[in-house]
Amino acid sequence: MTHGTRPGTVVPAIDRARQKAYWRLLPLLFICYVIAYVDRANVAIAKLTMTRDLPGFDNAVIGHGAGLFFIGYFLLEIPGTLLVEKWSARKWICRIMITWGVMAALTAFVTTPFQFYVVRFLLGLSEAGFFPGVIVYLTHWFPSRDRARSLACFLVATPIAQIVSPKISNALMKMGTDETINGVTVHHLELFGLEGWQCVYIFWGIPAVVLGVVVFALLKDRPRDAKWLAPEESEALHQELEQEKNLHRARRMTVLEALRHPKVLLLALAYFCIVTGSYGIEFFLPSILQQWYHLKLDTITWLVILPPVLALAGQLFVGWNSDRTKERRFHVVVPIALGALALALAPLTQGKLFLTIACFMLAFVGFKAYMPAFWSLPNLFLVQAAAAGSIGLINSIGNLGGYLGPSVLGKVQTLTGSFVGGIYFLAVSMTLSASIIFFLRLERKQSRE
């Protein structure tokens, strides 16, 4: 009997299978993505003292290095996604997590900008395929009626990572340093002579390696591989997924055809534009607050938690409401447009901390809330390997915006001494993303299953 059913009610095998899949798969994938996101974004906190300790490191270097992650990420996205579809999600995700954990920890030992660039590039190469691979993997387990909600449960890992990691990273940043508390000088615990920013990279790299082993042991590739499903549950879930594929046979196409499909290319461009905005701010929000308000690290790491809290609520709402209404396009457009407007207004709030944080909170809604509905769009017109390849292409091209956004913002600040021009650039990029999706001809509603 499942939660919420009346005593004596016989729950259909398909519903039992759907519930078991939620609880067996999503918590593990969620934790993996939390660590993945922290390992790519913890440079935002680490840089606050890293640039002080390492000669030659400024915002331009950090922005360029942060962005190089996405160049490496780009190169293996499509092959990695197809491996999940054709080979094994369990083995591929295991490999990804172990190698990215090692590379994340090695960032602690860079001493020159060139070394930083190399490690960030290799970190992106190591992690490539994880995110789109999971998106494809979920289509092996969740019918379309559950897909946006399952995606939402996975995707909320990014705001959760941004909520949880700053205070932990803040504590790590203090290791080996002296701090005056109530007039008393306190020396924080030192770890093997490492600086605090080095501890940040090492601490967050270790869980990725451990989770890689856990994934190999616990994750199952498809329903028929799962011993925790009863035979009738496994068969019921398999049959529903197969029926959905059969409904789309008429619009089936090859991977190469999908990669050339105009809608796929437009989705990739739209994703590129929104990612440009989101990573530009995510990598530099602590620095923006530090420059505008001259705040202490403790205060900054509290304030940067607030935007992802609102983003988390928005993401869960969009995933739920998009599945409830079977509408995808406007669930993408509205959050992005709202975020673009908030970002454009943010520079006007300088001197008013409350309004600044409010704008960045709304901007983060634009960065995150659209995602469950967005990643349901390719499956409106593609299936199987074509859908997998298109998701890999959209994510790989889109994530190149993760290079452009931080690079532009860091370079503009270095040249002008201000983040304002870069912020306006990011707001325009987000507006372009919303416009592309708005005018893209996709089904407004899926037929109700």
Taking the six-membered ring of Trp320, is NZ or CZ of Arg324 closer than 6.0 Å to its centre and within 45° of its axis? yes

Just distance, no hydrogens or angles: give the donor-acceptor pairs under 3.5 Å from side chains in residues 154-166, sequence neighbours left out.
| unit_1 | atom_1 | unit_2 | atom_2 | d |
| --- | --- | --- | --- | --- |
| Thr158 | OG1 | Leu155 | O | 3.1 |
| Gln162 | NE2 | Glu282 | OE1 | 3.1 |
| Ser165 | OG | Ala161 | O | 2.7 |

Establish, from distance only, whether the side-chain atoms of Asp221 and Ser88 form a donor-acceptor pair under 3.5 Å. yes

Applying ring pair (Phe, Tyr, Trp, His ring centres under 6.0 Å), name anything that partners Phe121, two or more places apart in sequence or on another chain. none

If you count heavy atoms of other groups shown closer than 6.0 angstrom to NZ of Lys167, is the number above 12? yes

Partner of Phe131 under ring pair (Phe, Tyr, Trp, His ring centres under 6.0 Å), picked from Tyr37, Trp375, Tyr271, is Trp375

Can you check whether Phe419's main-chain N or O pairs, donor with acceptor, with Gln413's side chain at less than 3.5 Å? no

What distance do Ile168 atom CD1 and Cys199 atom SG have between them, rounded to the nearest 0.5 Å? 14.0 Å

Flag for Ser322-Arg328: side-chain donor and acceptor within less than 3.5 Å: yes

Trp302 atom CH2, neighbour heavy-atom count above 12 within 6.0 Å: no

Checking salt bridge (charged side-chain N to carboxylate O under 4.0 Å, His left out) for the pair Glu240/Arg18: CA distance, chi angles, key distance, verdict? CA-CA 11 Å; Glu240 178 160 340; Arg18 291 165 59 210; 5.8 Å; no

So, Asn59 and Lys47: side-chain donor and acceptor under 3.5 Å apart, yes or no? yes

State the NZ-CD distance between Lys20 and Glu233, to the nearest 0.5 angstrom. 3.5 Å

Ignoring hydrogens and geometry beyond distance, is a side-chain donor-acceptor pair present between Trp141 and Ser150 at under 3.5 Å? no

Ring-ring centroid check His64 Tyr117, cutoff 6.0 Å: yes

How long is the gap from CD1 on Ile98 to CZ on Phe216, to the nearest 0.5 Å? 9.5 Å

